[in-house]
Amino acid sequence: MFNLVLFGPPGSGKGTQATNLIEKYKLVHLSTGDLLRNEIANKTPLGLEAKKIMDEGQLVPDEVVIGIIDNCLEKNALAQGFLFDGFPRTLNQAKALDKLLELKKTQIDLVLALQVNEEELVRRLLERGKTSGRSDDTSEEVIRKRFQVYSNDTEPVAQHYKEADKFKAIPGEGSIDDIFARLSAAIDDYKSEQ
Ligand code: ADP
C-alpha cells in the first residue's frame with residue numbers, strides 16, 4: 001500500500017493535483033471537503049450541520065470527519081492506497097488517522113505540503129469563487145478566517161509528520177504541470193528508497 005497526505009492551505013492546489021496523482025499512482029481520493037459538500041448536496045442531517053460551519057470558515061468537529069474517513073476506509077478495503085486531501089486538519093485528526101491505519105496494518109508513507117504565498121492564495125480562491133458555487137470562496141473575510149484556522153489548528157499537523165520524518169515541502173507556484181512533476185518526483189524518490 002501507498003498512503004499519501006496532500007497538505008497545504010486553502011487554495012494551494014490540493015484538489016487539482018489530487019486528480020492527476022490518483023490516476024498516475026492508482027490511489028483512492030479521500031477529500032473531506034468534497035465528502036462534506038456531498039452531504040450538503042444530499043441534504044443529510046450531517047450536511048445541514050456542516051454547511052453552517054463551513055460557510056463561516058470554521059472546522060467541522062473532529063469526530064464527524066474522522067467518522068467519515070473511517071467509513072471510506074472500510075468501503076475501500078481493497079484499495080492499493082489512499083490520497084488524503086484536506087485531512088488530517090488538526091493534530092487530533094492526525095492521531096486518529098494513525099490509529100485507523102494501524103488497525104489496517106498500514107500507515108502514512110509521505111506528506112507532501114504545497115507552499116504558496118498568502119496573496120496568491122486569496123487571488124486563486126476569489127477567482128475560484130466566481131465559478132465554483134462554493135459559498136466559502138466568495139467572501140474575503142471568510143477566506144482570511146480559513147487561513148487563521150489553518151495556522152492555528154492545521155499547521156501543528158505538519159510538525160507531527162516532521163517528527164515522523166514523513167514531511168516534504170513542495171513549491172506550489174508555477175504551472176500545474178510543473179507542480180505535478182515536482183510531486184511525482186518526490187513520490188518516485190520515496191518509492192525507489194523502499
Ligand atoms: P479548502 O482546502 O479550500 O479550505 P476544503 O474543500 O478542503 O477546502 O474544505 C472546505 C471546508 O470543509 C473547510 O473550511 C472546513 O469547514 C470543512 N472541512 C474539510 N475538511 C475538514 C477536516 N478534515 N476537518 C474539519 N473540517 C473540514
Side-chain angles (χ1 to χ4, degrees), residues 3-19 21-22 28-42 44-73 82-101 108 111-158 160-161 170 172 176 179 183:
N3 298 310
L4 176 70
V5 174
L6 203 51
F7 193 77
S12 56
K14 300 184 296 287
T16 306
Q17 296 297 337
T19 311
L21 289 168
I22 54 162
V28 173
H29 186 193
L30 295 186
S31 157
T32 39
D34 288 350
L35 291 163
L36 290 165
R37 281 185 289 276
N38 199 28
E39 298 282 338
I40 294 175
N42 291 326
T44 65
L46 195 157
L48 294 175
E49 184 196 335
K51 181 168 175 23
K52 197 174 153 285
I53 301 173
M54 290 165 74
D55 282 349
E56 286 170 0
Q58 308 275 6
L59 293 181
V60 173
D62 283 342
E63 59 274 18
V64 173
V65 283
I66 293 165
I68 291 178
I69 288 288
D70 191 8
N71 252 326
C72 289
L73 292 177
F82 293 95
L83 187 162
F84 297 94
D85 162 4
F87 180 91
R89 233 178 175 93
T90 64
L91 200 50
N92 204 12
Q93 291 178 19
K95 290 179 177 168
L97 180 61
D98 286 346
K99 288 201 184 115
L100 286 176
L101 294 177
I108 291 300
V111 177
L112 297 178
L114 291 168
Q115 315 246 295
V116 178
N117 81 70
E118 188 163 321
E119 290 322 302
E120 169 71 9
L121 293 171
V122 175
R123 198 190 58 72
R124 287 185 189 178
L125 290 169
L126 289 171
E127 194 58 38
R128 180 170 83 183
K130 289 181 193 164
T131 53
S132 67
R134 278 184 55 170
S135 41
D136 58 345
D137 282 346
T138 44
S139 140
E140 186 157 344
E141 193 188 331
V142 173
I143 290 173
R144 298 273 175 206
K145 175 74 202 166
R146 281 151 68 202
F147 290 144
Q148 196 189 330
V149 169
Y150 180 81
S151 78
N152 287 341
D153 297 340
T154 307
E155 267 171 4
V157 174
H160 175 76
Y161 290 116
I170 303 287
I176 290 175
I179 300 161
L183 291 165

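Order of appearance sets the numbers: ligands from 1, and atoms from 1 within every ligand.
- I53 does not count as a contact of ligand 1, since none of its heavy atoms falls under 4.0 Å from the ligand.
- Closest to atom 4 (O) of ligand 1 among all protein heavy atoms lies R89 NH2, 3.0 Å.
- Counting all heavy atoms, side chain and backbone alike, A18 lies closest to H29 at CB-NE2, 3.4 Å.
- Looking at E56, R128, Q58, it is Q58 that brings a heavy atom closest to atom 14 (O) of ligand 1.
- Between D55 and S135, the side chains place a donor N or O and an acceptor N or O closer than 3.5 Å (distance only, hydrogens not considered).
- Counting atoms of ligand 1 from 1 in the listed order, those under 4.0 Å from a heavy atom of R134 are 1 (P), 3 (O), 5 (P), 6 (O), 8 (O), 10 (C).
- Put simply, the side chain of R146 reaches to within 4.5 Å of the side chain of D137, judged on heavy atoms.
- The structure places NE2 of H160 at 9.0 Å from CD1 of I108, a figure rounded to the nearest 0.5 Å.
- Taking every heavy atom of F87 and a limit of under 4.0 angstrom, the matching atoms of ligand 1 come to 23 (N).
- Residue, atom and distance of the protein heavy atom nearest to atom 12 (O) of ligand 1 are M54 CE, 3.2 Å.
- Side-chain atoms of K145 never come within 3.5 Å of backbone atoms of E56 as a donor-acceptor pair (strictly under, hydrogens ignored).
- Remark: T19 OG1 to L21 CG distance equals 8.5 Å, nearest 0.5 Å.
- Closest of all the heavy-atom pairs between P88 and F7 is O-CE1, 4.1 Å.
- Some N or O of R146 is nearer than 3.5 Å to an N or O of ligand 1, by distance alone.
- Among all protein heavy atoms, the one lying closest to atom 24 (N) of ligand 1 is Q93 NE2, 2.9 Å.
- Both the backbone and the side chain of V60 come within contact range of ligand 1, each with a heavy atom under 4.0 Å.
- Nearest protein heavy-atom contact of atom 20 (N) of ligand 1 is T32 OG1, 2.7 Å.
- Residue L48 qualifies as enclosed at atom CG: its count of foreign heavy atoms under 6.0 Å is above 12.
- Of all the atoms in ligand 1, the ones that sit under 4.0 Å from a non-hydrogen atom of K14 are 2 (O).
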request  = Applying salt bridge (Lys or Arg N to Asp or Glu O under 4.0 Å), run through R124 and E120 and close with a yes or a no.
outcome  = CA-CA 6 Å; R124 287 185 189 178; E120 169 71 9; 2.9 Å; yes
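- The P10 neighbourhood of ligand 1 comprises atoms 1 (P), 2 (O), 3 (O), 4 (O), with distances under 4.0 Å to a heavy atom of that residue.
- Of all the atoms in ligand 1, the ones that sit under 4.0 Å from a non-hydrogen atom of G86 are 20 (N), 21 (C), 22 (C), 23 (N).
- Residue contacts with ligand 1, taken as heavy atom pairs separated by less than 4.0 Å, involve L36 solely via side-chain atoms from C-beta onward.
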